[in-house]
Amino acid sequence: MKNFKDKVVYQIYPKSFKDTNHDGIGDLNGVTEKLDYLKKLGADMLWLTPFFISPQNDNGYDVENYYEIDPRYGTLEDLKRLIHEAKKRDIGLMFDMVFNHTSTHHEWFKKAMAGDPYYKDFYFFKKGKDHQPPTNWESKFGGNAWEYVEAFDEYYLHLFDVTQADLNWENPNVRKEMAKIVNYWLELGVTGFRFDVINLISKESFEDDFTGVGKRFYTDCKKVNDYLRELNEHSFGRCQHTMTVGEMSATTIENCLRYSKQENHELDMTFNFHHLKVDYLNKEKWTLMPFDFKELKQLFNDWQIGMQEGGGWNALFWCCHDQPRIVSRFGNDQEYHRESAKMLATSIHMMRGTPYIYQGEELGMTNAYFTDLKQYRDVESINHFHILKKQGLSDDEIYAILQSKSRDNARTPMQWDHTLNAGFSDQTPWIEVNSNYTQINAEEALKDPNSIFYHYTKLIQLRKQYSVIQEGEYIPLLENSNQVFAYLRRLGSKMLLVLNNFYPKEAAIQLEDIADYELLLSNYPKQPLKKELILRPYESCVYYRE
Ligand code: GLC
Ligand code: CA
């Protein structure tokens, strides 16, 4: 049995982590430079978002060459040194495999466009219907998902940007290439793999969608399981100590069980995003709505129990490079910055699954609150600025939405210290630094024993120390509370009680069984556990008994 249940993954967006060669862009040497910091935090595995050769239309998720490092991030030697130095500290590396699509700059796509039938079959080229695209599917970044190619009088599919062409996994030659890429990196000592939007790789049928944007024809199709099993068998499944996670777009518990059950030999765990859509009005991202706390709780409880009963495994996370900062989103980045950031961390880390921390989350980094389109870099945000404008929204309304929803909120440079550009770079960074870096930064956090950073280190240590956190059963508690998210974890006679107040006001709760619990962690000065307990604003407590 593989053991990843006591591990914690730290996600790095290299472009925004640390610049060492003075070009305003973070690089691999920057990651190496900060390994001691990451060790101090307690990270076991570093997931690096793609740093392969890419035109960077989607910041590296448009890969031009899966084997070569983009020179702006460094060289193969730099990477080898990073792997080596990380290993010395008992830290593994997890690479991001973007296998649903390649960049249109990839040589396969270029050969396809030159008419080579072997490579045309690597992608989806289809005839249109009455001068219209083959289907009415929408791209996730806005607009129709098909691009017309005059030379063939055909369209190619791109579920994301027009420069990200979807790969045809039906083609066994594509599947062979994918396994070859994984094997190449495995041999270089990479032990983790994150598979980007991997539940979209099978397109079941090319039909118009009259009730949606096309998702049901290409999401969680049955062949995804076959493809993953095959990839597992031919690559990472041959190594003992790998850890794999799949990013699942608009998925279900049933499907994630299939992907993550060990006996299925597909992946170790899955990301899903349902809990991060509870502030979408009518399921639409580019809207404003306070988060629906009851729905959030329900989703956590359903996924925790569903995955547990079916023997699957969840990746636990609030933040990543695609999500706004959690403390600004479901916490309070002003008056209760510290309390709410710690509470949010506890609520996730004590659940059943593997926690992921996104760079800067351990400092309580906040949204960017950019006020001008010129400050934005993300293709999705820029596209949606124009889409919302066409829909008739005012600039003020659009900026309010971007400030809360843009992926750039997560992509501002890591705040290392209070010096120029937050110590990220001595040159103008590729994206602006958040102006609050003089207060929120790693140097300050490391000096303060009560900081959010040390709260994260404690959460990670608790996971390693207490088997109930790794293995225990998840039992929801106080399900009707409008303010408190609470649960128990149970392993034999070992019990963990976790209480989280999600609001800036006190919460009165009633507990039935409080015998013999000792406090393990809180974000407030200790208060005795009572049957009738008042939790302070954003208070969170973890109690344990044996
Ligand atoms: C995933 C990535 C995201 C990227 C998209 C297309 O969702 O996390 O950043 O834009 O896939 O590759
Ligand atoms: Ca650099």
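Just follow the structure's listing: the first ligand is 1, and inside any ligand the first atom is 1.
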- prompt: If you measure only the distance, is there a donor-acceptor pair under 3.5 Å linking the side chains of Asn29 and Arg81?
  reply: yes

All ring-ring contact (aromatic ring centres under 6.0 Å, His included) counterparts of Phe160, not counting sequence neighbours: His101, Phe141

Test: Lys261 and Asp268 ion pair at under 4.0 Å: no

field: Pair Asn434-Thr366, side-chain donor/acceptor within less than 3.5 Å
entry: yes

- request: Validate the cation-pi geometry between Lys34 and Phe17: distance from NZ or CZ to the six-membered ring centre under 6.0 Å, angle to the ring axis within 45°.
  value: no

query: Near ligand 1, which residues have a heavy atom under 4.0 Å away from one of its atoms?
result: Asp58, Tyr61, His101, Phe141, Phe160, Gln164, Arg194, Asp196, Val197, Glu247, His321, Asp322, Arg407, Arg411

- request: Indicate the ring-plane relationship of Tyr376 and Tyr399, choosing parallel, tilted or perpendicular according to the 30° and 60° boundaries.
  value: parallel

- prompt: Can the positive tip of Lys126 be found less than 6.0 Å from the middle of the six-membered ring of Trp146, inside 45° of the ring normal?
  reply: no

- request: Identify, with sequence neighbours excluded, every residue that meets salt bridge (charged side-chain N to carboxylate O under 4.0 Å, His left out) alongside Glu266.
  value: Arg229

message: Distances under 3.0 Å only: what protein N/O/S atoms are near the Ca ion (ligand 2), ordered by chain and residue?
response: Asp19 OD1, Asn21 OD1, Asp23 OD1, Ile25 O, Asp27 OD2

- prompt: ring pair (Phe, Tyr, Trp, His ring centres under 6.0 Å) with Phe51: which of Phe95, Tyr66, Tyr13, Tyr61?
  reply: Phe95

